[in-house]
Colleague: 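Below you will find the structure I want to go over with you.
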Amino acid sequence: MSTPSLSNSSPRGLAVVTGASVGIGRASAEALEKAGYTVIAASRRLTTTPSAATGITTHELDVTDADSVAALERTVTEHPVPLTLLVNNAGIPTHAATIADSDIADWRGTYETNVVGTVQMTQALLPHLIRNRGDVQFIGSTVGRVGYERGAAYAASKFGLTALVQTLRLELNGQPVRVTEIAPGMMRGDEAGGEFMRTRFNDDEQAIAAVYQGVEHPLTPEDIAECVVWCATRPKHVDIDLMELRPLAQAAQHKVHRTS
């Protein structure tokens, strides 16, 4: 299988980042562009998607909509730069609730976006990645391995994502595609401290503040973006199967050092 021809202006090829309007997605799109990728930043909301950086274009995308995913695939097919990286980042949180009191619509919506939507994206772009000897990355979470109270719906979706990644790695063995899961722990930023936490705690600012009370330096979206770039730029024979990271203050999901 021949290696795709890449232009001098895009030495690493084309990267598609989903959920790229805020947080990890936005930071990753910007970091990948700086690392030499041409980037399509895809998201439901284009108003806050990065647009100033050279080499980043925006694309409206709903990963739960098959027609929307197909439209993105057509854009990739017609793009002059070959696709070499897909970052599956799009995902939604759920409201904090016990299993007994949780809303079934939350479970369905979260699974539809975080798991089924990711499958649709991967199916659509995988032929390009195989042809171009590319990478597919999945932004998971440490809660994809350890559950927590009042978070079962979200954790279940991330457990499902982990199963998807592990299975895809097995099924693509022998193909020239690297499969990576990046699983962050406690983080804060325009994603974790913003929409994600507001949804989880129904805009309760005190509850949100309590999560980070006394925690020095939670992870930021830029920290995760550095990991995205690092994994993608390893020698082609090196596959980072799983990168799990937490802030120094968080030794485990249930054990966090707080200064106050």
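Atom set for the values below is all heavy atoms of this structure, side chains included, hydrogens, waters and symmetry mates excluded. These numbers come from a predicted model, not from an experiment. For the single chain, residues carry numbers from 1 onward in sequence order.
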Colleague: Whether the S157 and N114 side chains hold a donor-acceptor pair (N or O, under 3.5 Å, no angle test) is what I'd like checked.
Modeller: yes

Colleague: Please determine whether the number of non-hydrogen atoms from other residues, nucleotides or ligands lying under 6.0 Å from atom CZ of R234 exceeds 12.
Modeller: yes

Colleague: If every non-hydrogen atom of G140 is compared with every non-hydrogen atom of L161, which pair is closest and at what distance?
Modeller: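 It is CA-CD2, 3.6 Å.
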
Colleague: Please check if any side-chain donor atom of T122 sits under 3.5 Å from a side-chain acceptor atom of N88, or the reverse.
Modeller: yes

Colleague: Apply side chain to side chain contact (heavy atoms under 4.5 Å, CB included) to the pair L61 and M121, showing each step before the final yes or no.
Modeller: CA-CA 10 Å; L61 171 70; M121 278 300 305; 3.9 Å; yes

Colleague: Please report the closest heavy-atom contact between R12 and A35, naming both atoms and the distance.
Modeller: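 What the structure gives for the nearest pair is NE-O, 2.9 Å.
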
Colleague: Could you walk me through whether E60 and S43 pass side chain to side chain donor-acceptor pair (under 3.5 Å), step by step?
Modeller: CA-CA 5 Å; E60 187 173 1; S43 63; over 6 Å; no

Colleague: Which of these passes side chain to side chain contact (heavy atoms under 4.5 Å, CB included) with L14: N132, L32, L83, V39?
Modeller: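 Of N132, L32, L83, V39, side chain to side chain contact (heavy atoms under 4.5 Å, CB included) with L14 is met by L83 alone.
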
Colleague: Quick one: pull up CD1 in I224 and CD1 in I182 and give me the separation to the nearest 0.5 Å.
Modeller: 7.5 Å

Colleague: A cation-pi test, strictly: NZ or CZ of R188 under 6.0 Å from the centre of the six-membered ring of Y212 and no more than 45 degrees from its axis. Yes or no?
Modeller: yes

Colleague: Nearest heavy-atom pair of H79 and T38: which atoms, and what distance?
Modeller: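 Closest heavy-atom pair between H79 and T38: CE1-CG2, 3.9 Å.
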
Colleague: Please round to the nearest 0.5 Å and tell me the distance separating atom OG1 of T180 and atom CG of D239.
Modeller: 4.5 Å

Colleague: Rounded to the nearest 0.5 Å, what separation is found between the CZ atom of R45 and the OG atom of S21?
Modeller: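 If we round to the nearest 0.5 Å, R45:CZ and S21:OG are 4.0 Å apart.
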
Colleague: List the steps, then state whether side chain to side chain donor-acceptor pair (under 3.5 Å) holds for T259 with E216.
Modeller: CA-CA 8 Å; T259 58; E216 293 184 348; 4.5 Å; no

Colleague: For K34, does the NZ atom sit with more than 12 other heavy atoms under 6.0 Å from it, leaving out its own atoms?
Modeller: no

Colleague: Run the side chain to side chain donor-acceptor pair (under 3.5 Å) test on H128 and E73 for me, step by step, so that the C-alpha distance in whole Å, both residues' side-chain angles and the decisive distance to 0.1 Å come before the verdict.
Modeller: CA-CA 9 Å; H128 297 272; E73 192 278 329; 2.7 Å; yes

Colleague: Would you check, one step at a time, whether the test side chain to side chain donor-acceptor pair (under 3.5 Å) holds for E244 with T142?
Modeller: CA-CA 7 Å; E244 189 172 80; T142 54; over 6 Å; no

Colleague: Once rounded to the nearest 0.5 Å, what's the spacing between atom CG of L125 and atom CD1 of I130?
Modeller: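 Here the rounded value is 11.5 Å.
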
Colleague: Hey, could you give me the CD/CZ distance between E181 and R169, rounded to the nearest 0.5 Å?
Modeller: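 Answer for the CD-CZ pair, E181 versus R169, is 13.0 Å.
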
Colleague: Return the CD to OG distance between Q120 and S68, rounded to the nearest 0.5 Å.
Modeller: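 Spacing of CD (Q120) from OG (S68) equals 9.5 Å.
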
